[in-house]
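Data first, discussion second: the structure below is written as structure tokens.
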Amino acid sequence: FATFVKADKVSTAVDTTKPISEDTWGEPTLSIDKNSYNTGLTEYNAEPEDVTADLYFRWDEEYLYIGVKSPDADVTGTGDYWTGDGIQFKLQAGETLTSEASDICLTWGSGTFGVGGGNEEVLENSIQHNILSEDGSLSMMLAIPHSDMGYSEEEVKSGATYAIGLLRIS
């Protein structure tokens with residue numbers, strides 16, 4: 001089952017240094033919770049977690065912006081980027097995810113960011129990322145260069161498509 005969303009084009013770069021708000025990101029592209037038709041929020045074989053989140057997808061000529069805002073008054077993290085409060089997803093240029101997809105994690109704690117899979121060394125250094133906790137909410141923000149995902153400037157102008165598989169919001 002797939003859900004297709006259209007990212008809004010922005011006229012200026014999204015500010016990833018400030019928490020997600022209507023002023024900085026506008027309205028959410030998609031809101032999810034444990035009962036959403038398009039989610040299966042589970043920890044291994046456990047019951048669905050009680051997690052809600054607003055997802056934001058934006059783009060400009062240079063970047064795909066991904067933002068997640070989730071209520072979280074008790075932020076936790078570890079030294080590992082794949083555990084603790086954060087987001088993990090697979091991303092690939094095109095319409096489908098393959099074994100070449102990049103695995104991207106942004107997590108609260110000392111090891112807050114990591115990329116695995118396709119093009120990991122380039123993306124590890126080029127993705128702008130930030131995670132902020134403020135007023136009982138966690139804002140997770142990424143700016144991913146289209147060029148480092150394999151798109152040319154012309155492809156971006158004509159409407160680049162990305163496949164994304166959301167693995168974890170916690």
Side-chain angles (χ1 to χ4, degrees), residues 1-41 48-73 75 77 81-82 84-95 97 101-109 112-115 123-124 126-151 155-157 159-170:
F1 190 101
T3 298
F4 296 92
V5 297
K6 183 176 180 180
D8 292 331
K9 185 175 182 186
V10 293
S11 56
T12 59
V14 175
D15 186 352
T16 59
T17 64
K18 298 177 182 172
I20 295 172
S21 69
E22 191 170 331
D23 291 337
T24 57
W25 285 76
E27 293 292 318
T29 307
L30 184 66
S31 295
I32 61 171
D33 65 27
K34 72 176 183 177
N35 298 312
S36 295
Y37 69 93
N38 59 345
T39 59
L41 302 175
E49 298 174 22
D50 190 13
V51 175
T52 61
D54 290 329
L55 307 177
Y56 300 79
F57 298 97
R58 305 290 185 263
W59 69 279
D60 63 17
E61 289 79 16
E62 260 188 280
Y63 294 98
L64 170 66
Y65 299 97
I66 298 174
V68 177
K69 185 171 184 176
S70 182
D72 196 336
V75 180
Y81 63 79
W82 59 89
D85 289 331
I87 182 172
Q88 181 177 3
F89 59 94
K90 292 209 177 269
L91 183 69
Q92 186 167 356
E95 295 183 2
L97 291 172
S102 299
D103 187 0
I104 301 171
C105 297
L106 179 62
T107 306
W108 188 264
T112 61
F113 179 72
V115 178
L123 292 172
E124 184 89 33
S126 67
I127 294 176
Q128 298 172 25
H129 55 88
N130 198 7
I131 186 166
L132 300 168
S133 178
E134 182 175 284
D135 298 328
S137 289
L138 194 60
S139 292
M140 298 162 274
M141 302 160 284
L142 300 111
I144 304 164
H146 298 294
S147 60
D148 291 341
M149 290 300 298
Y151 278 122
E155 289 171 313
V156 171
K157 285 181 184 177
T161 300
Y162 285 95
I164 184 170
L166 187 57
L167 303 174
R168 172 179 68 91
I169 297 176
S170 55

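Values reported hereafter were calculated over all heavy atoms of this structure, with side chains retained and with hydrogens, waters and symmetry mates removed.
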His146/Tyr162 under side chain to side chain contact (heavy atoms under 4.5 Å, CB included): CA gap, chis, key distance, verdict: CA-CA 10 Å; His146 298 294; Tyr162 285 95; 2.8 Å; yes

Taking all non-hydrogen atoms of both residues into account, name the closest pair between [X] and [Y] and its distance.
X      : Y      : result
Asp60  : Ala13  : OD2-CA, 3.8 Å
Val115 : Ser102 : CG1-CB, 4.5 Å
Pro19  : Leu132 : N-CD1, 3.5 Å

Between [X] (side chain) and [Y] (backbone), is there a donor-acceptor pair under 3.5 Å?
X      : Y      : answer
Ser139 : Lys18  : no
Tyr151 : Pro145 : no
Lys69  : Ile20  : yes
Asn130 : Thr16  : yes
His129 : Met140 : no

Going through the distances and angles, do Met149 and Ile144 end up as a side chain to side chain contact (heavy atoms under 4.5 Å, CB included)? CA-CA 8 Å; Met149 290 300 298; Ile144 304 164; 3.7 Å; yes

Quick one, Leu91 and Leu64 - any side-chain contact, counting heavy atoms below 4.5 Å?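 They are in contact (side-chain heavy atoms under 4.5 Å apart), so the answer is yes.
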
Is there side-chain contact between Ile66 and Phe89, with heavy atoms separated by less than 4.5 Å?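 Of all side-chain heavy-atom pairs linking Phe89 with Ile66, at least one is under 4.5 Å.
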
Partners of Ala163 by side-chain contact (heavy atoms from CB on, under 4.5 Å), sequence neighbours excluded?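 With sequence neighbours excluded, Ala163 shows a side-chain contact (heavy atoms from CB on, under 4.5 Å) to Leu97, given in chain and number order.
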
Can a donor-acceptor pair be found between the side chains of Tyr56 and Asp8 at a distance below 3.5 Å?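 The answer is no; no qualifying pair exists.
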
Test side chain to side chain donor-acceptor pair (under 3.5 Å) on Thr17 and Asp15 and set out the steps. CA-CA 6 Å; Thr17 64; Asp15 186 352; 2.5 Å; yes

Distance check, rounded to the nearest 0.5 Å: [X] atom [atom1] versus [Y] atom [atom2]?
X      : Y      : atom1 : atom2 : answer
Asp54  : Ser31  : CG    : OG    : 3.5 Å
Gln92  : Ile164 : CD    : CD1   : 12.0 Å
Ile127 : Ile104 : CD1   : CD1   : 4.0 Å

Does Glu124 have any side-chain hydrogen bond (donor to acceptor under 3.5 Å, both in side chains) partners at least two apart in sequence or in another chain, and if so, which?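 Partners of Glu124 under the side-chain hydrogen bond (donor to acceptor under 3.5 Å, both in side chains) test: none.
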
Please enumerate all residues that pass side-chain hydrogen bond (donor to acceptor under 3.5 Å, both in side chains) together with Tyr63, with sequence neighbours excluded.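 Checked Tyr63 against side-chain hydrogen bond (donor to acceptor under 3.5 Å, both in side chains); matches are Gln128.
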
For Thr29 and Leu55, what are the C-alpha separation, side-chain angles and deciding distance, and is it a side chain to side chain contact (heavy atoms under 4.5 Å, CB included)? CA-CA 6 Å; Thr29 307; Leu55 307 177; 5.5 Å; no

Just jot down the salt bridge (charged side-chain N to carboxylate O under 4.0 Å, His left out) partners of Asp148, sequence neighbours excluded, or say none.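 Scan of Asp148 (salt bridge (charged side-chain N to carboxylate O under 4.0 Å, His left out), adjacent residues dropped) gives none.
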
Excluding sequence neighbours, so at least two apart, what forms salt bridge (charged side-chain N to carboxylate O under 4.0 Å, His left out) with Glu61?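 Glu61: salt bridge (charged side-chain N to carboxylate O under 4.0 Å, His left out) contacts with Lys9.
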
Non-neighbouring partners of Phe57 that pass ring-ring contact (aromatic ring centres under 6.0 Å, His included), sequence neighbours left out: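 Listed in chain order: nothing, the list is empty.
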
